[in-house]
Amino acid sequence: MQTYQAAIKPKLGWVIVTGLSLLPVLLYLKSATPLAEFGSYFDFLSSLGRMAGLAGAILYAINLILSTRLRLFEDYFGGLNRVYIAHHIIGGIALILLLFHPVLFSLRYLQGLSLASYETAAKFLLPRSLAGFGLPLNGEVRQKYAIDAALIAFLGMVVLLFITFFVDLRYQLWLFIHKFLGVAFGFAGIHILLIESDVAHNGFLRYYLLAFVVLGLISYTYRTLLGGILVRKYNYRVDQVNRVGNDVAELVMRPIEQAMPYQAGQFIFIRFRNDHQAISTEAHPFSISSTPGDDHLRIDAKALGDYTRSLLTLKPGAVAEIEGAYGRFSFQNYPNPNQLWIAGGIGITPFLSMARALKSPGPQVDLYYSVKSESEFVHQDTLAAIVPSGDNFRSIPWVSEKQGLLTAQKIAEVSDGITGKEVFICGPPPMMKALVQQFKALGVPRRRIHTEEFRLQ
Amino acid sequence: MKLKKIVAAAYMIAGVIILALLLLGGLAYFKG
């Protein structure tokens, strides 16, 4: 009898993030002693600038919290890949809000075409200790620190996020640079702690902001600064390295101590520790192709880049440090009796795991396994042997060179309709994007379509 | 992709405003 996990609420994460970031803005607008003033040009831009700062700071903190990879967040976004998509979007929105926080404050000093007002506005953007300019912010040392900390945070964020969004770097270098955003957030925290403003005089708003600063810094410490010690890892030893097909490495590993619990269809981050192996020690994500209860943990990696190519040269005995398991891409999370599983190329791996976990009676599954040419098929024999009864599982190989591209329309024809079915897709991003659009055009609700992206960056 | 374009636009708008303020402010400062 097939068992299922608790239901996932993939929209709830967005509702919570929106609520948490808008709450201080609403409180700012609706405070008993009015904080927001819109009567004059100066007050209007000041209020807008503060609201941008409030929401931007909360979103920045939320992004650090999301980067902890806590499993709780996976249920609220629909898997770690979706958490990272949210992280990317939230980062973009926070950046825009925080970019305009000082810009709006500076622009409020402009009065007509008066050159003196341009000087005041420009000096607002300069470090206090250099400008030696006493703005109406008490002019005390504490305020100079507060503003200078904000400028450091602002410059750090602007430069680091420019690199994040627009500079194409090698992933590990990109990740290294990206991690410094936590330092910029620390300076933003100093700014929030020290700044004298009307927000600072509102008890709830001040502590609400400071609570997020603390949570953000704790998250940064947990994941980035002390991740090597605090984040749970499982040690495995490589027993076999098998070449499957032309260019796929199947790694068969067994736990050295405790085995990692996981669900069929999930993925892991794997890092090889052994210095004697010709492989880098960077962590990379891979879908698990074995199933819970197996003696061994298996992954299948196609040689698509330097790292995945080097997996083929790995020797038995190598020690792997594994973090996980992550992801909500599993039929066990969606108790629908009719399911369509669609794999493109090496995207077959989570389906190998899921097919091995199928029980009878269980859902009726049609697995489409699409490749360009027949030589790309891997584990066809495994798939054929997976479900001995075979009555609730059909494996449908698809060779696009001969049969044309696999489309939702063709799937609907072969599987006798798609209405009410749960759809799982894992494959190259263009294929997943095209199929999602096609299924939606044929009336399948987006909530019934589940995709697993390979890249987390 | 859409987000990337929006972020690029925000960078450009904020960048132009900041540069303009610094230039005009600098001009005002040196003109006394």
Side-chain angles (χ1 to χ4, degrees), chain A residues 45 49 52 56 85-127 130-133 151 154-155 157-168 429-430 433 457, chain B:
Chain A
L45 289 190
I85 290 168
H87 175 85
H88 184 69
I89 295 168
I90 292 167
I93 298 169
L95 167 67
I96 293 167
L97 290 168
L98 295 174
L99 265 180
F100 285 95
H101 173 59
V103 168
L104 289 164
F105 274 163
S106 182
L107 283 174
R108 68 186 170 170
Y109 292 109
L110 294 189
Q111 289 166 356
L113 294 172
S114 147
L115 269 184
S117 70
Y118 283 110
E119 189 181 336
T120 314
K123 279 181 174 170
F124 180 82
L125 295 168
L126 296 175
L130 290 179
F133 176 72
L151 288 173
F154 182 78
L155 283 175
M157 184 193 71
V158 164
V159 171
L160 293 168
L161 284 177
F162 184 85
I163 293 169
T164 297
F165 277 97
F166 304 110
V167 181
D168 195 14
K433 194 177 171 190
Q457 188 178 346
Chain B
M1 218 52 196
K2 207 183 281 177
L3 178 71
K4 211 170 170 176
K5 282 180 186 165
I6 295 168
V7 169
Y11 261 106
M12 280 202 282
I13 295 166
V16 166
I17 293 172
I18 290 170
L19 281 177
L21 285 177
L22 291 176
L23 279 172
L24 290 166
L27 187 71
Y29 179 78
F30 287 111
K31 278 187 99 177

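By convention in this document, chain letters (A, B, ...) are assigned in the order of the sequence lines, proteins followed by strands, and residues within each chain are numbered from 1.
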CD1-CD1 distance between I93(A) and I6(B), expressed to the nearest 0.5 angstrom: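 Answer rounded to 0.5 Å: 8.5 Å.
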
Spacing of NZ belonging to K2(B) relative to CD1 belonging to I89(A), to within rounding of 0.5 Å: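 Taking NZ in K2(B) and CD1 in I89(A), the distance rounds to 10.5 Å.
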
side-chain contact (heavy atoms from CB on, under 4.5 Å) assessment of L22(B) paired with L126(A): CA-CA 9 Å; L22(B) 291 176; L126(A) 296 175; 4.0 Å; yes

Nearest heavy atoms of [X] and [Y], plus distance in Å:
| X | Y | result |
| --- | --- | --- |
| L115(A) | K31(B) | CD1-CD, 4.1 Å |
| G25(B) | A122(A) | CA-CB, 3.6 Å |
| Y11(B) | F162(A) | OH-N, 3.0 Å |
| I96(A) | A10(B) | CG1-CB, 3.7 Å |

Which bit of [X] comes within less than 4.5 Å of chain A, counting heavy atoms only: side chain, backbone, both or neither?
| X | value |
| --- | --- |
| L24(B) | both |
| A20(B) | neither |
| I17(B) | side chain |

Which residues share a side chain to side chain contact (heavy atoms under 4.5 Å, CB included) with I90(A), sequence neighbours left out: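 Partners of I90(A) by the side chain to side chain contact (heavy atoms under 4.5 Å, CB included) criterion, ordered by chain and then number, come out as W14(A), V17(A), L59(A), I62(A), N63(A), L66(A), A86(A).
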
Pairing residues for K5(B) by the side chain to side chain contact (heavy atoms under 4.5 Å, CB included) criterion, not counting sequence neighbours: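 Listed in chain order: nothing, the list is empty.
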
Contacting moiety of F165(A), where chain B heavy atoms sit under 4.5 Å: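 Answer is both: backbone and side chain atoms of F165(A) are under 4.5 Å from chain B.
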
Contacting region of L161(A) [heavy-atom separation from chain B under 4.5 Å]: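 Backbone plus side chain of L161(A), per the 4.5 Å heavy-atom cut-off to chain B.
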
Among L110(A), T120(A), V103(A), the one residue meeting side chain to side chain contact (heavy atoms under 4.5 Å, CB included) with L21(B):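 Exactly one pass, corresponding to L110(A).
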
Exam field: side chain Y118(A) to backbone A28(B), donor-acceptor pair closer than 3.5 Å: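 Here the side-chain-to-backbone pair does not exist.
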
